[in-house]
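Here's the structure we're looking at; comments come further down.
What you see below is based on every heavy atom in this structure, not just the backbone, and it leaves out hydrogens, waters and symmetry mates.
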Amino acid sequence: MRCQPGRLIEHRSLSSLLRFLPEQTRLAEREAGPMRMHLGWKMALSRGLRCCQRVLSWIPVLIITLVVLWSYYAYVFELCIVTLVNPLEKVAYLLVFHIVFVLFAWTYWKSIFTPPSQPTKKFLLSYADKERYDNEERPDAQKQILSEAAKRLPVYTRTGSGGIRFCDRCQVIKPDRCHHCSVCGMCVLKMDHHCPWVNNCVGFSNYKFFLLFLGYSLLYCTYIAATVFKYFLLFWVGTLENSRSKFHILFLLFVSVMFFVSLLFLFGYHCWLVSRNRSTLEAFSPPVFHNGPDKNAFHLGIRRNLQQVFGMNKNLWFIPVESSLGDGLSFPMRSSQCESRNPLLGSEDQWEDDGMEEDNEAYHGSSSISIEMET
Ligand SMILES: [Zn+2]
Ligand SMILES: [Zn+2]
């Protein structure tokens, strides 16, 4: 069998190519080795930093917990057991103190450990939309893809430029009043703010608990200051003997008054926000709707605003159990036209109608709605 010259050349170039390829691969691998190591180190470092950040973020909670534990010891042991003489007074002081303490500790626990609510799966882009969105480089076309995808959703709020609010990090269409928290690394429903003192995002899932926590903290400080004041004066004028308890009682009064003053402002501000049905973020940057910003879009009147946060059953208002109205994904709005379109109050099917865009436009013309805030 004779070998044709052309075939031989082909064969030779193929074998040299085959020899060449593994050589190239080896070279590439040799070069990629240090790069991969560098990347590995970088990833390990960022993981370590994240871990440190997570540990450090518990420091404010630890400080509060230590102060509360000390106040418990100082009040129960140093004041009630060591200093008080009258047994009736002892029992009454301890009983009321423990009721307030339990409510305060319970609401603090719930504020810390209630996980923030996130948008549901229906706010994620479909696979096809996601692919179209990722492959599209023109912002206008991306905006169009989002606005088509949002037609089936109860979303009224818009970005400052009038587009649908979309979180690139979570790859989700943001429901009304939802914002991305850079500390938690997630989109949080009806986000109010990220609170370092509870090391948690305050939002739809725990706003009621946070408010009660502020309220019961104030009550705790007030009760301690009011009951300790008499003994503070007795120590001051020298009626009671100098002892270790004196210093605990002096500090109890000082710390409780200090916390009372700072909490009073915060609690007052949140009461005002609840009465207006606004989140802290919305107070700083009003939600934007089709026809512009509207800071009062969710204001339904004080009674209904309170019901939105605390629920319909007044017996549950002051107990830290879930009772807020709605699902955190959509909210009733001021105009009756909006309410009739709200899935909380009407049929969700209407959002799937083909003629939705025109309807939305008509609606937006009468009211308004939408925010763009990144925290
Ligand atoms: Zn997000
Ligand atoms: Zn957060």
Side-chain angles (χ1 to χ4, degrees), residues 57-76 93-117 181 183-184 188-228 252 255-275 277-281 302 305-326 328:
S57 64
W58 284 102
I59 288 177
V61 174
L62 187 70
I63 292 172
I64 297 282
T65 308
L66 289 176
V67 171
V68 170
L69 288 177
W70 164 76
S71 70
Y72 183 88
Y73 161 79
Y75 193 90
V76 172
Y93 273 32
L94 283 172
L95 186 71
V96 179
F97 175 81
H98 279 94
I99 293 171
V100 179
F101 181 82
V102 166
L103 286 167
F104 161 68
W106 188 6
T107 50
Y108 191 39
W109 178 272
K110 293 285 274 185
S111 304
I112 297 171
F113 294 108
T114 303
S117 304
C181 174
V183 183
C184 299
V188 177
L189 296 183
K190 200 190 168 196
M191 181 177 168
D192 190 90
H193 68 288
H194 185 92
C195 179
W197 298 107
V198 297
N199 192 26
N200 197 5
C201 241
V202 177
F204 177 76
S205 63
N206 62 351
Y207 190 58
K208 178 192 168 187
F209 307 147
F210 180 73
L211 277 175
L212 289 180
F213 161 63
L214 291 182
Y216 287 127
S217 309
L218 261 183
L219 188 63
Y220 185 67
C221 292
T222 312
Y223 179 73
I224 288 179
T227 49
V228 157
L252 258 185
V255 173
S256 58
V257 169
M258 195 183 75
F259 273 95
F260 175 84
V261 173
S262 43
L263 281 166
L264 190 66
F265 285 105
L266 191 60
F267 185 62
Y269 179 61
H270 276 282
C271 286
W272 177 78
L273 287 176
V274 171
S275 73
N277 201 352
R278 253 177 244 168
S279 66
T280 304
L281 289 176
I302 292 175
N305 291 346
L306 284 171
Q307 284 170 349
Q308 286 293 305
V309 176
F310 294 100
M312 302 299 280
N313 185 353
K314 282 188 180 163
N315 296 327
L316 299 178
W317 276 25
F318 301 103
I319 302 169
V321 293
E322 279 172 34
S323 59
S324 299
L325 296 185

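Note that CG of Leu316 and CD of Glu322 are 11.5 Å apart. Values are rounded to the nearest 0.5 Å. Put simply, CG on Leu273 and CG on Leu211 are 9.0 Å apart, with the number rounded to the nearest 0.5 Å. Atom CD1 of residue Ile64 and atom CH2 of residue Trp197 lie 5.0 Å apart, to the nearest 0.5 angstrom. Here SG of Cys221 is found 10.5 Å from CG of Leu252. Values are rounded to the nearest 0.5 Å. Rounding to the nearest 0.5 Å places OG1 of Thr280 at 6.0 Å from OH of Tyr207. Atom CG of Leu214 and atom CG of Leu264 lie 11.0 Å apart (nearest 0.5 Å).
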Determine, step by step, whether Asn206 and Ser111 satisfy the side chain to side chain donor-acceptor pair (under 3.5 Å) criterion, reporting the C-alpha distance in whole Å, the side-chain angles of both residues, the deciding distance to 0.1 Å, and the verdict. CA-CA 6 Å; Asn206 62 351; Ser111 304; 5.8 Å; no
Would you please test Tyr223 and Tyr93 for side-chain contact (heavy atoms from CB on, under 4.5 Å) and show each step? CA-CA 9 Å; Tyr223 179 73; Tyr93 273 32; 4.1 Å; yes
For Val255 and Val67, what are the C-alpha separation, side-chain angles and deciding distance, and is it a side-chain contact (heavy atoms from CB on, under 4.5 Å)? CA-CA 9 Å; Val255 173; Val67 171; 4.1 Å; yes
Would Val68 and Tyr108 satisfy side-chain contact (heavy atoms from CB on, under 4.5 Å), going step by step from the backbone distance to the final call? CA-CA 11 Å; Val68 170; Tyr108 191 39; 5.9 Å; no
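Proximity of Val100 to Tyr216: side-chain heavy atoms (C-beta onward) are nowhere separated by under 4.5 Å. Side chains of Phe204 and Val188 form no contact here, defined as non-hydrogen atoms less than 4.5 Å apart. In this structure, the side chains of Ile319 and Trp106 come closer than 4.5 Å at one or more pairs of heavy atoms. The closest side-chain heavy-atom distance from Leu103 to Phe318 is not below 4.5 Å. Between Leu218 and Phe259 there is no side-chain heavy-atom pair separated by less than 4.5 Å. Within the 4.5 Å cutoff, the side chain of Trp272 has no heavy atoms near those of the Phe267 side chain.
Here the closest heavy-atom approach between residue Val257 and residue Ala225 is recorded as CG2-CB, 4.3 Å. Closest non-hydrogen pair, Val309 versus Lys208, comes out as O-CB, 3.8 Å. Taking all atoms of both residues into account, the shortest heavy-atom contact from Leu263 to Ser217 is CD1-CB, 3.4 Å. Listed here is the closest heavy atom pair of Ser205 and Ser117: CB-OG, 3.2 Å. Residues Met191 and Cys201 come closest through the heavy atom pair CE-SG, 3.9 Å.
Judged by distance alone, the side chain of Asn200 and the main-chain N or O of His194 form no donor-acceptor pair under 3.5 Å. Formation of a donor-acceptor pair under 3.5 Å by the Asp192 side chain with backbone atoms of Val202 is not found in this model. In this structure, Trp317 contributes its side chain and Gly311 its backbone to a donor-acceptor pair below 3.5 Å. When atom types are taken as modelled, the side chain of Ser323 and the backbone of Phe310 share a donor-acceptor pair closer than 3.5 angstrom.
Residues Lys190 and Ser279 bring no donor and acceptor atom of their side chains to less than 3.5 Å of each other. In summary, the side chains of Asn305 and Ser275 do not present any donor paired with an acceptor at a separation below 3.5 Å, with no hydrogens or angles considered.
Checked against ring-ring contact (aromatic ring centres under 6.0 Å, His included), His193 has the following partners two or more places apart in sequence or in another chain: Phe210, His270. Partners of Phe97 under the ring-ring contact (aromatic ring centres under 6.0 Å, His included) rule, at least two apart in sequence or in another chain, are Tyr72, Tyr75, Phe101, Tyr220.
Annotation for Trp58: atom CH2 counts as buried by contact number, over 12 foreign heavy atoms lying within 6.0 Å.
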